[in-house]
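Structure first, then comments.
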Amino acid sequence: MSDSNNNDQLHAMRHSLAHIMATAIQRLWPEVKLGIGPVVENGFYYDVDIEGAQISDEDFDKIEAEMHKVIEANQPFEQSNKSIDEAISWAQAAKQPYKEELLNDLKRSGTTVAKDLDADELGTITEGDSAVESVGFYTNGDFTDLCRGPHVESTGQVGAFKLMRVSGAYWRGKVENPQMQRVYGVAFATDKELRQHLALLEEAKKRDHRKLGSELDLFFFHETAPGMAYWLPKGVRLYNELVSFWRDEHEKRDYQEIVSPLINKKDLYVTSGHYDHYWDEMFTTGTEEGEEYGLKAMNCPNAMVVYKRGNHSYRDLPLRYSDTDTLHRYELSGTLNGLFRARGFRQDDAHIFVTEDQIKDEYAKIFEIVEQFYSIFGLEYSFRLGTRPDKFMGDPKTWDKAEAELKAILEGSGQEYSVLEGDGAFYGPKIDIVMKDSLGRPWQMGTLQLDFQQPLNFGLKYTDSDGTEKTPVVIHRVIYGSLERFIGILIEHLAGRFPIWLAPEQIRVATVNQEEVTVKFAEDVVAQGRELGLRIELDNNNESVGKKIRDAELMKVPYTLVIGEKEIETGEVTPRVRKDLEVEQADKPIPVTNFLKTVANEAKSRVSKTSISGHEANRS
RNA sequence: GCCCCGAUAGCUCAGUGGUAGAGUGCAUCCAUGGUAAGGAUGAGGUCCUGGGUUCAAAUCCCAGUCGGGGCUCCA
């Protein structure tokens with residue numbers, strides 16, 4: 001059997017399970033009103049609305065038991081057709097208003113896909129001719145559902161499944177609609193595959209950056225500031241190392257770093273256009289003198305102000321201002337997710353002022369930086385083009401031009417990319433860099449945005465070679481994206497095992513005993529290491545060597561040096577090396593100074609000699 | 001914000017309508033130990049906050065706060 005046949009079969013199993021779950025839920029709550037029940041990655045869900053009752057995960061056993069009864073009964077799935085008007089009557093008789101709404105959409109426009117339909121028309125009743133002749137139904141036992149299929153032949157052929165969670169979901173994704181309950185299940189052809197999937201989820205949990213961040217003493221969250229990380233000394237070392245790598249590489253490429261105010265008057269955001277599009281998502285504050293201020297949520301308006309300070313010649317362009325100021329955004333409380341979605345974070349931002357002719361070359365240069373940055377971490381990423389959103393600023397023609405430019409650049413780059421319509425910024429289209437976390441969920445990381453609007457809003461100019469004044473174009477770009485989110489992704493991909501140059505603690509020196517001569521030798525090793533710029537710590541606790549080794553392993557320290565009589569005698573150490581590291585000096589005696597110098601050079605070169613494992617949870 | 005779930009020692013968690021538990025960490029002492037946990041003793045808790053029910057609430061109910069999973073997937 002080919003893969004596609006396997007996939008078709010699995011898809012049918014999952015879809016059939018959605019029906020079986022609906023059957024079970026209807027038996028348990030006969031008054032249930034059903035929404036939709038599609039197949040999703042790894043499983044299925046069904047949206048249900050039960051008046052006066054909420055399904056909770058405590059109900060899963062009950063629902064699963066009922067599902068098993070349906071499966072054991074091995075009811076055949078029987079396909080049938082009704083005319084559209086018959087179908088609507090069926091939905092009315094069965095008291096299934098959501099199905100009725102779907103049927104009305106089918107009748108009017110031949111589809112139920114909400115995003116393909118005019119928002120105002122959704123579910124409205126249509127008189128007269130129908131866009132479809134008839135609609136399909138599937139019946140198993142006493143349960144009948146509007147359905148395109150396909151299904152497995154009978155309810156006995158659905159493989160292994162498990163209900164996972166229940167969540168709220170608005171009918172057709174619209175906040176003004178009733179909220180339904182979405183019951184999710186995962187399903188696989190065999191028990192073994194299901195167990196493997198569940199095991200992968202368990203593995204992914206161990207890599208959760210929030211868990212590792214706490215275990216490795218990198219950062220924590222506290223109720224005093226929801227969504228804003230407290231960075232601990234070890235986390236700050238990692239953070240600063242990433243920033244200093246970024247700074248070094250950008251200074252080489254003629255970027256100039258600026259720092260600008262964190263609180264700005266409302267007027268700044270009125271001028272930039274953010275007031276209309278973003279003010280609600282900003283933290284704001286007022287003064288006794290009645291002025292309104294917004295806490296910096298993006299860097300671009302300030303960069304525009306910096307540009308405007310002086311006159312600029314075409315000879316000055318491209319002009320590249322970078323900054324890493326802290327930003328705050330009022331993200332909805334329910335959307336916060338550790339470092340992945342925070343309310344306070346820093347970006348490795350830059351605003352590049354260019355002439356229209358320079359856009360293409362500048363993008364090529366940025367792509368080089370992206371390639372360099374992401375390859376050094378060994379991370380996988382993909383590009384995504386975001387086009388004009390519903391709420392946008394400026395002339396659609398300018399937008400079309402900008403979108404065409406970006407498409408041409410992406411195609412010229414030879415990189416694969418996807419398109420997300422309507423996902424651009426309000427001032428221009430963008431290219432996002434997308435990465436996945438340990439559970440395979442995609443996150444926007446870097447973003448390269450083209451902006452024709454804000455330079456106009458701020459009245460930015462440069463003098464061209466012919467003496468005329470022209471408006472520059474601005475490229476907004478971040479490579480890491482948010483430092484916070486990037487660190488989160490990095491932690492999950494590395495499972496906390498950072499390469500030497502990033503490791504918050506590079507070397508741990510563990511003493512065998514607390515005798516004066518031992519301690520003195522160990523302290524001397526630490527002092528030498530620090531002299532070389534290494535992050536090296538002493539463990540002189542009154543514990544066994546085994547315990548100290550274990551502690552160092554748990555903290556994922558790359559090198560551990562045990563100091564006792566032998567080392568003092570020979571002046572040589574035998575480094576214990578973290579298992580994932582591919583280095584030569586493992587388990588061989590080496591003079592202390594040589595070892596420290598080798599590690600210092602390695603750290604300085606910023607090479608990642610560590611094996612990075614991919615997204616485990618994605619493999620299925 | 002909305003739906004489901006959770007909150008007990010610094011951390012991970014168990015537990016019961018009637019005076020609070022383990023492991024780990026921390027402190028002290030003993031042991032001076034050679035590559036993933038040596039031993040003993042001790043300190044440490046408004047059982048998230050505020051209401052309600054009750055003779056009695058950390059436990060049951062309500063609200064809030066914070067945290068987790070979702071809220072894109074369309075017969």
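Below, chain A is the first sequence line, B the second, and so on; all start at residue 1.
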Looking for any heavy atom pair under 4.0 Å, which part of the strands does [X] touch: base, sugar-phosphate only, or nothing?
X: Gly546(A); value: sugar-phosphate
X: Gly422(A); value: nothing
X: Gly43(A); value: nothing
X: Glu215(A); value: nothing
X: Asn542(A); value: base
X: Lys566(A); value: base
X: Thr560(A); value: nothing
X: Gln181(A); value: sugar-phosphate
X: Ile55(A); value: sugar-phosphate

Would you say [N] has OP1 or OP2 under 4.0 Å from some side-chain N or O of [X]?
X: Asn337(A); N: G68(B); value: no
X: Arg550(A); N: A37(B); value: no
X: Arg210(A); N: G68(B); value: yes
X: Arg576(A); N: A36(B); value: yes
X: Ser56(A); N: C4(B); value: no
X: Arg165(A); N: C3(B); value: no
X: Lys547(A); N: U24(B); value: no
X: Ser167(A); N: G69(B); value: no

Closest listed nucleotide, where the reference is the side chain of [X] and the choices are [options]:
X: Ser333(A); options: G1(B), C74(B), U32(B); value: G1(B)
X: Arg441(A); options: C4(B), G1(B), G70(B); value: G70(B)
X: Arg182(A); options: G34(B), U32(B), C71(B); value: C71(B)

### Task
Anything under 30° is parallel, anything over 60° is perpendicular, the rest tilted; go ahead and classify His15(A) against His11(A).
tilted
### Query
Quick one: are the ring centres of Phe161(A) and Phe188(A) less than 6.0 Å apart?
no
Rounded to whole angstroms, how far apart are [atom1] on [X] and [atom2] on [N]?
X: Asp47(A); N: C4(B); atom1: CG; atom2: C1'; value: 14 Å
X: Asn513(A); N: U32(B); atom1: CG; atom2: P; value: 11 Å
X: Glu543(A); N: A40(B); atom1: CD; atom2: P; value: 13 Å
X: Tyr170(A); N: C3(B); atom1: OH; atom2: P; value: 8 Å
X: Arg108(A); N: A75(B); atom1: CZ; atom2: C1'; value: 15 Å
X: Asp432(A); N: U72(B); atom1: CG; atom2: P; value: 18 Å
X: Leu163(A); N: G70(B); atom1: CG; atom2: P; value: 16 Å
X: Tyr45(A); N: A75(B); atom1: OH; atom2: C1'; value: 12 Å

Tell which nucleotide pairs with [N], taking only Watson-Crick or G-U wobble pairs whose two distances are both under 3.5 angstrom.
N: U19(B); value: none
N: C71(B); value: G1(B)
N: C60(B); value: G52(B)
N: G38(B); value: C30(B)
N: U24(B); value: G10(B)

Looking only at atom types and distance, does a side-chain atom of [X] sit under 3.5 Å from a main-chain N or O of [Y], one as donor and one as acceptor?
X: Glu492(A); Y: Ser438(A); answer: yes
X: Asn594(A); Y: Ile590(A); answer: no
X: Asp432(A); Y: Val434(A); answer: no

#### Entry: C30(B) and C11(B), which share atom name C1', separated by this distance in whole Å
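Their C1' atoms lie roughly 27 Å apart.
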### Query
Mind checking the C1' distance from U49(B) to A36(B)? Whole angstroms is fine.
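Result for the C1' pair: 42 Å, nearest Å.
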### Task
State, to 0.1 Å, how close His19(A) and Asp145(A) come at their nearest heavy-atom pair, and which atoms those are.
CE1-CB, 3.5 Å
### Message
With hydrogens left out and only the distance checked, is there a donor-acceptor pair under 3.5 Å joining Glu567(A)'s side chain and the base of G34(B)?
### Response
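It does, because a donor-acceptor pair links the side chain of Glu567(A) to the base of G34(B) below 3.5 Å.
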### Task
Identify the residue among Phe143(A), Phe77(A), Phe137(A) that makes a ring pair (Phe, Tyr, Trp, His ring centres under 6.0 Å) with His151(A).
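Filter result, single survivor: Phe77(A).
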### Query
Think Arg165(A) forms a cation-pi with Tyr184(A), using NZ or CZ under 6.0 Å from the six-ring centre and within 45 degrees of its axis?
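Because its charged atom sits under 6.0 Å from the ring centre and within 45° of the axis, Arg165(A) does stack over Tyr184(A).
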